[in-house]
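As a basis for the values below, the full set of heavy atoms in this structure was taken, side chains included, without hydrogen atoms, waters or symmetry mates.
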Amino acid sequence: MTADTDAAPAAQKPAIVLVHGLWLTPLSWEGWKQRFESKGHTVLAPAWPGLEGTVEEAQIKGVYIVPPAQAKVVSVALKNPANRHKTQMLTPEEFHYGFTNTLTLQESKPIYDRLAVPGPGRVLFQAAFANFTPHAVTTVNRHHSSRAPLLFLANGKDHTVPAAVTRAACKIQKKTGALTELKEYPDRTHYTFAQDGWEEVADYSLDWAVRNART
């Protein structure tokens, strides 16, 4: 049997854009990027323009839950109003609490040295005061039923974005009527992108996105 050289080429797999979070660099996505590329996807993992190695991760307007653990993390910037216009670096201890809290401080330190960068205080101030700010940048259109499908991942041991906050944000997004789903991982932290077992999370996320992507 010979190959048909006139046959139509296989459909190209969709490109993927990975946007990292506050206090991190695009290097945080290295495992996911390589894994998705090995499956035939083109993967982009850019830094936030103008703030090398940081990107906005803001809690959306309408989420009133601020668990004590999250308050402790964001207070790094919020404790001083002048930080609104400055970048703020986490200490190794703060990074350990906010990201790698299931590891020892000694295990966390090399991860901190490799991935952590200063983050803009403005992002945290915008998120913290969104519910008191008309037309806040974190406002969500709750009637946007034609938006793309959205998957939320809630991590039970996440101090930076606790599962309760993720559930609340998911509840808001469901009001649009667009496809919105929640997947919970009780034993995962904010370091879920590289925590042991990250491959399972990456594969689930990719499979869900491909299965629900629009043509």
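The only member of V201, T102, N155 that meets side chain to side chain contact (heavy atoms under 4.5 Å, CB included) when paired with Q195 is T102.
One N or O on the side chain of N101 and one on the backbone of K157 form a donor-acceptor pair closer than 3.5 Å. Of the possible polar contacts, none joining the H96 side chain to the Y112 backbone as a donor-acceptor pair under 3.5 Å is found.
With a 4.5 Å cut-off on side-chain heavy atoms, D158 and T166 do not count as touching. Counting heavy atoms from C-beta outward, T189 and H159 have side chains that stay 4.5 Å or more apart. A 4.5 Å side-chain heavy-atom check between D203 and R35 finds at least one atom pair inside the cut-off. Using a 4.5 Å heavy-atom threshold, the side chains of I16 and L206 count as touching.
Taken to the nearest 0.5 Å, the NZ atom of K109 stands 14.5 Å off from the CZ atom of R114. Interatomic distance, CD1 of I111 versus OG of S28, reported as 12.0 Å (0.5 Å rounding). Atom CG of L153 is separated from atom NZ of K183 by 9.0 Å, given to the nearest 0.5 angstrom. Interatomic distance, W208 CH2 to L179 CG, rounded to the nearest 0.5 Å: 4.5 Å.
Electrostatic pairing of E200 and R188 does not count as a salt bridge here, judged by no charged N lying under 4.0 Å from a carboxylate O.
Between the side chains of E107 and T100, no donor-acceptor pair is found at a separation under 3.5 Å.
The aromatic rings of W198 and W32 lie parallel to each other, their planes meeting at an angle below 30°, with 60° marking the opposite boundary. The aromatic rings of F95 and F99 sit parallel to each other, their planes meeting at less than 30°, with 60° as the upper class boundary.
The six-membered or imidazole ring of F193 lies near that of Y191, with a centre-to-centre distance under 6.0 Å.
Nearest heavy atom pair, residue G98 against residue T160, reads O-OG1, 2.6 Å. Of all heavy-atom pairs between L182 and C170, the closest is CB-SG, 3.9 Å. In terms of heavy-atom proximity, H41 sits nearest to P14 at ND1-O, 2.8 Å. In terms of heavy atoms, P46 sits closest to V17 at CD-CG1, 4.3 Å. What you find for L105 and P92 is that their closest heavy atoms are CD1-O, 3.8 Å. Nearest heavy-atom pair, P26 versus A45, reported as atom, atom and distance to 0.1 Å: CB-O, 3.2 Å.
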**OP:** Please assess Y204 against L151 for the test side-chain contact (heavy atoms from CB on, under 4.5 Å), listing each intermediate value before the final yes or no.
**Re:** CA-CA 10 Å; Y204 181 89; L151 172 66; 4.0 Å; yes

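The number of heavy atoms from other shown groups lying within 6.0 Å of NZ (K171) does not exceed 12. Around the CG atom of D196, the shell of radius 6.0 Å holds no more than 12 heavy atoms that belong to other residues, nucleotides or ligands.
In this structure, the salt bridge (charged side-chain N to carboxylate O under 4.0 Å, His left out) partners of E37, at least two apart in sequence or on a different chain, are K33.
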